[in-house]
Every structure is written in structure tokens, then in C-alpha cells.
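Quick notes on the structure that follows.
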Amino acid sequence: MRALRDRPTALERWPSGVREGMRLATGPQDSKADAFYQKRVPKGAPDYLETATVTFPSGRTADEICPTEIAVPVWCAHMGTITFHPWPVRRSDDPTSLDRPDELRIDLDPQPGTTFSDAVRVAGVARELLEELGLRGYPKTSGNRGVHIYVRIEPRWEFTDLRHAAIGFGRALEQRDDQVTTAWWKEERGERIFVDYNQNNRDRTIASAYSLRPRPGAPVSTPLTWSGLAEVTDPRDLNLVTVPERLASEGDPWTTIDDESFSLEPLLELWETLPGGELNFPPDYPKMPGEPPRVQPSKKVAEHWDDEGNRIG
DNA sequence: GACGCAG
DNA sequence: CTGCGTCAACGCCTT
DNA sequence: AAGGCG
């Protein structure tokens, strides 16, 4: 509930279990898959289940599950839910709350040739940078090889601002540590840790804290203290069995995440200051009515821009 | 996993 | 009542 | 319509 309460949440359902060779649907019409994302509330939902109507970048809407009590995720589990995907917003009396994120999510994704340990080291650098900016971040394992850092923010900014903040932070981190990349195109990333700032777009979610992942051994996206993170050698050791034991015996390191919330301004300042950020792809969306067509720096064109965003040739 | 429909 | 088919995500962009 | 990105 610490991760899901009042948050519009999509489900990742594996109703026939998780076994070798099973596949997650790549799209809504992928009939041969064994698992699928579910955004809209399914028929037959219990009456205690609350929902929130979220708006996608296209302007379409969907009624999503919005857990308010533990029975809701339990029911989802009965439906074969393995992983929960909450939005970075919380339903409240404020009618704008679904458009005002309360959570900045820093997604550190090890690229081929790098490891979880590399991500942990970069996470430490990210922590230092956050501290210098007056922000407190809470780390967790992704459940795979990555690390996620969450920053609780005041719900005063739009998704576009959230994304800009993430780009600003990513570029600052990239500038500070040459094992970090924010390159959108895979072939430009190198053997580095990819800061996936696009996870802060509207309609983009990350596997929640405490969620199982559909992988051998049932690894868990595990909340940790910073010192706890540094001691993890293999994130697969944090699993269905060990994590509940840890949380029971040592307590939950995320209990204080709601005690304070921060301004996005320091990060927006980075976005405005650091060059090249506005050239990153994809651009902000949704495209507003009347907005001129977008010019993507195509892969070919993109190679003509250097790290500072200056045109080459 | 659950629903709707044909049998 | 049983069996079977069907359904269960989103979207931006370029080629 | 398919491919690239998550």
C-alpha cells in the first residue's frame, strides 16, 4: 500500500503462471501471448474497488484501478497479477491531482557490457548530486539489473516539467560521470548506465516497489537504504522469500518517503541551463492542437550533434 | 482468469 | 451446466 | 504497415 495507495495502477497479469518461454503481450491484439498489461478495470471487479480516470497523451481516457485498501492488491493477485505499475500521481480532493505528479523517478538501466554493480555505483553518484541540490532520493532495486531512485515532489508541476527535470538531472549526471548516458538511440549509449528520463512521461510507469517480477526466483523490486543498496551484490537474492523477512526483521527503509516533499525548481534549472537537453528524443508530448509537425532528429541527423548539443558539420 | 454465448 | 472462443496496453516518431 | 524506443 505504501507504493500503490490512491495511485492509478496498471496490472501485469500472468494468469497461467510464469514459466520458461512464456511471453508478455507486445500489444493489445497480441493473442498468442501468455501475459498482458491491463489498464482498464476488468468486469467483475468487487464493489470496494475504487478507480481513477486517467488521461493518456492522445486525449483518450481510461478508468484504472486505484487501490485504497489491501484487499485490492490481494484481489489483483488472485487475478494473476505479478507486477503492479502505478502512475506517479495520487488521487485526491484536488481535481488536478491526476495531472500533477508527486514522484520523480530516476531509472538507471545497465546497458550491455555493464552490471548491476555499475548501476549501484552510479546510484551513489546520483545520490550525491541530489544532496547537493537539496533533494532526498529513495533507492530500490528494479528486480532485474537496474536501480530506481524516487524523489517525492510537491504536486505543483505538469508531466512535461517532470520530464524536463529528469532530463536535466540525467544530463548533469552524464556530465559528472562518464559511465552515464542519456542517449535515446541504443547504438549511441555504449557500455554505460542509461538514465531513462522518458519514464517520467505521462502514461509511462515503472514496476512498483515491493512488486514481484516475472522471472526465475521471483525477484522483488526492493526498497533499500543507501547503505543497504551498497551491500547488495546480486539483486536476485532479493526475492519473494527474503524480502518479506527483511522487511519484517529490519523494518521498511521507505517508511519516511512521505515525510517531506521537494521543489522541482533545482532540476528545472538544470534543464534550462545544460545545453542539448531540448534536442533529446522523443520530444515532449502530447502534441497540442495547432502545434506544427515535429521534426525528429532522425538517427542520421542525430549523429551530427555532439554531447553538448552543437551541430557537427 | 473471467465472461458471454451456443449447445 | 459445460465447453469454447475471446479478451485483457499505451503512444510518439520515421521509413 | 513496420520498425524503433519504453
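We name chains A, B, ... by the order of the sequence lines, and we start the count at 1 in each one.
- With A/D196 as the partner, the side-chain contact (heavy atoms from CB on, under 4.5 Å) test is satisfied by one option alone out of A/D107, A/L108, A/I106: A/D107.
- Computed from coordinates, the A/N198 CG to D/dC5 P distance equals 12 Å when rounded to whole Å.
- The ring-ring contact (aromatic ring centres under 6.0 Å, His included) test applied to A/Y37 returns A/H85, not counting sequence neighbours.
- For the segment residues 102-110 of chain A, the set of residues with a heavy atom within less than 4.0 Å of an atom of DNA chain B is empty.
- By the salt bridge (charged side-chain N to carboxylate O under 4.0 Å, His left out) test, A/E50 is found to be paired with A/R91, residues two or more places apart in sequence or in another chain being considered.
- Look at CG on A/N200: it is 15 Å from P on D/dG6, rounded to the nearest Å.
- Listed by chain and residue number, A/W254 satisfy the ring-ring contact (aromatic ring centres under 6.0 Å, His included) test with A/Y150 (two or more places apart in sequence, or in another chain).
- Atom pair A/H85:NE2 and D/dG6:C1' shows a separation of 12 Å (rounding to whole Å applied).
- Judged as a salt bridge (charged side-chain N to carboxylate O under 4.0 Å, His left out), and not counting sequence neighbours, the contacts of A/R105 are A/E103.
- With sequence neighbours left out, A/E260 forms a salt bridge (charged side-chain N to carboxylate O under 4.0 Å, His left out) with A/R136.
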Between N or O atoms, less than 3.5 Å apart, protein on one side and nucleotides 1-5 of chain B on the other: list the pairs.
| from | atom 1 | to | atom 2 | distance (Å) |
| --- | --- | --- | --- | --- |
| B/dG1 | OP1 | A/P15 | O | 3.1 |
| B/dG1 | O5' | A/P15 | O | 3.4 |
| B/dG1 | O4' | A/R13 | NH2 | 3.2 |

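- At whole-Å resolution of the value, CZ in A/R60 and C1' in C/dG11 are 10 Å apart.
- Every residue meeting the salt bridge (charged side-chain N to carboxylate O under 4.0 Å, His left out) condition with A/D234, not counting sequence neighbours, appears here in chain and number order: A/R236.
- With side-chain heavy atoms closer than 4.5 Å counting as contact, directly or through intermediates, the hydrophobic cluster containing A/V41 also holds A/L4, A/L11, A/Y48, A/L49, A/I65, A/V72, A/W75, A/M79, A/F84.
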